[in-house]
Amino acid sequence: MEENKTDWKQILGMSLIFAILMYMFFMNKEEVQEQEPNTTTEQSISNNDQPVPDGLTVVNDSINPSNSAETLSYQTELVDYKFSTKGAYLTQAELLKFKTYDSLPVYLVNDGDMRLNLTFMTKDGRKLNTADMLFTPQQSMNGENKVFNFVATPGNNAKIEFRYEIKPDNYMVDFTIRSTGLNSVANTSDAVSLKWDMQGYRRSKSIQNENRYTEIKFEYDGGSDDYTGQGETAEEEGNAITWAAYKQHFFSSILVTDTPFTSGVLRTKNIASIDDTQNKFTKEFSSEFQLDYSGGELMYNMDWYFGPTDYDILENYDANLEEVVDLGWGIFGVINKYVIRPLFTFITSPKYLGIPVGIGIILLTFGVRLLLSPVLYKSYLTQAKMKILRPEIEKVTAKYKDDALKKQQETMRIQREAGASPLSGCLPALLQMPVFFALFKFFPTAIELRQKSFLWADDLSSYDEIFKLPFHIPVYGDHVSLFPILASVAIFFYMQMTTGQNMAQAQQPGMPNMKFIMYLSPLFMLVFFNNYAAGLSLYYFVSNLITIGLMLVIKNVIIDKDKVLAKIEKAKAKPKKKGRFAKRMEQMMEQAQAQQELQKKKK
């Protein structure tokens with residue numbers, strides 16, 4: 001009988017085989033787990049379910065292997081930035097020097113409300129979107145500047161790089177888009193689309209007032225600028241666009257490019273609401289720009305601005321960005337740029353006088369009135385003389401009540417002899433209208449007024465609420481502002497002094513209803529300015545007080561009633577010397593009178 005012995009060699013061989021099988025099993029499992037992100041990345045990049053064609057290899061050497069976006073942060077003294085590795089664009093920009101009306105942080109970008117996407121066509125006709133790509137981040141320092149480099153590899157060793165360079169004490173961030181080997185993947189005969197979507201946050205008490213100054217402004221064709229306007233939806237197009245600004249009243253996000261975008265379409269949608277369903281945002285912004293390849297690659301040097309809509313700050317960048325601040329068009333903009341703004345800056349800036357803003361508005365009002373005094377003095381003088389002449393003119397009206405032409409001739413003669421021609425008084429008054437409208441544009445957009453208090457107004461850039469209404473009145477609002485009331489009262493008394501004295505004469509056929517106009521202007525101020533900046537109403541209130549004071553001084557101190565009447569009597573006795581204009585007017589009246597008499601004879 002044969003003895004059974006243990007075959008150690010067989011056991012050892014089986015053990016080695018088992019160990020090799022287990023090793024291969026676990027290695028295969030790990031390879032499967034590592035390959036899963038490749039599938040997700042490929043779907044994200046290709047943006048469709050088509051298989052990857054021959055000749056285009058999607059690799060993941062620059063894609064985050066965990067397939068989840070990372071957030072990179074950096075904070076300066078001015079702005080707290082956050083970037084996402086998915087899409088390689090900004091996900092947060094908090095302005096550290098500012099707060100909202102209710103003391104919350106001021107965000108220009110937050111919680112994914114901004115999206116930047118670069119879209120290009122592949123050689124096989126598919127679209128690739130950088131917003132869906134995962135970028136590999138790299139951080140470094142360039143002197144005092146912080147640099148973020150985000151790189152994605154869409155295939156065939158092609159690379160797309162987004163580079164951000166953040167400077168200390170500066171709201172401008174250098175931004176570069178460049179590619180390497182992209183012509184091996186992309187169809188370079190098709191232009192690249194750069195799309196920028198964003199939402200504008202509410203930061204003021206009045207969402208309607210803030211939305212009124214929220215829009216897109218852009219520069220095109222070598223220096224021309226345009227804006228989208230205030231419609232429910234708005235769209236503008238331009239060629240050779242050098243910058244586009246998403247202006248949110250006192251804060252702006254601006255994209256500037258050294259190489260002009262070939263063309264662009266810019267859109268806004270009004271989403272502001274006074275109810276509780278949506279009071280967080282004012283507008284939705286969307287822009288799409290066309291970028292061109294250069295030598296089969298992308299190379300665009302740009303800049304991002306995330307900061308206040310401050311004229312002085314924007315002007316320092318020497319790129320016409322100060323045009324984002326709406327100072328008005330034509331003569332109104334010229335007055336604001338070269339007179340009002342420098343004067344107000346000199347009064348209120350800590351670099352110069354450093355006077356508080358509320359008092360600064362009052363001093364500005366005195367300054368404007370002082371500058372206009374040579375022009376307005378004759379107007380005030382004429383108005384005061386007209387009141388003195390009123391008894392004389394009433395005599396003429398009674399004497400020639402049945403002869404309108406003769407009455408007009410005698411009235412003009414009395415006014416001319418007293419040096420009180422209505423035309424000489426109206427012209428200076430018209431000359432101040434450009435200043436009136438210039439200030440109407442200046443105060444609501446002056447960031448110097450933001451969150452500056454004066455008397456009962458806690459924010460001169462917004463309305464001064466003294467009473468909250470339990471309901472909303474169309475146009476007027478849901479509150480009562482005091483400065484517009486005071487301005488309305490001052491306007492009423494001013495018009496009573498100037499218009500009321502000629503009220504009876506103004507009711508002639510063909511003449512405007514001066515009484516209606518006298519009541520309309522204060523009513524307009526009371527209703528429409530209830531939601532405007534308190535600083536604007538403060539200016540009009542003080543301005544009309546000054547005007548009333550000047551009128552009283554001219555009437556009671558400068559003008560001697562007896563001397564004016566004596567001048568009229570003396571002029572009557574002198575031979576009549578008429579100028580060309582007076583002669584021409586007299587001839588026209590004589591012709592009209594002769595024609596009137598002829599018609600009477602025919603009847």
Measure from the ring center of F251 to the ring center of F98 and say whether it is less than 6.0 Å.
yes

Pair T233-R267, side-chain donor/acceptor within less than 3.5 Å
no

Name all residues meeting the side-chain hydrogen bond (donor to acceptor under 3.5 Å, both in side chains) criterion together with D458; count only those two or more places apart in sequence or in a different chain, and write none if there are none.
K205

ring-ring contact (aromatic ring centres under 6.0 Å, His included) filter on Y338, not counting sequence neighbours, yields none

Could you pull out all residues at least two apart from S287 that satisfy side-chain hydrogen bond (donor to acceptor under 3.5 Å, both in side chains)?
Y246

Relative to the ring of F83, is the ring of Y81 parallel (under 30°), tilted (30 to 60°) or perpendicular (over 60°)?
parallel

For E236 and T268: C-alpha separation, side-chain torsions, deciding distance, then whether side chain to side chain contact (heavy atoms under 4.5 Å, CB included) applies.
CA-CA 9 Å; E236 292 292 336; T268 61; over 6 Å; no

Is the shortest side-chain N to carboxylate O distance from D478 to K468 below 4.0 Å?
yes

Between side-chain atoms of residues 353-360 and protein atoms elsewhere (two or more places apart, or another chain), which donor-acceptor pairs fall under 3.5 Å?
none

Applying side-chain hydrogen bond (donor to acceptor under 3.5 Å, both in side chains), can you list everything that pairs with K351, at least two apart in sequence or on another chain?
none

Would you please name every residue forming a ring-ring contact (aromatic ring centres under 6.0 Å, His included) with Y532, sequence neighbours left out?
F440, F529

Quick one, K452 and S461 - any side-chain contact, counting heavy atoms below 4.5 Å?
no

For the pair T445 (side chain) and F442 (backbone), establish whether a donor and an acceptor sit closer than 3.5 Å, ignoring hydrogens and angles.
yes

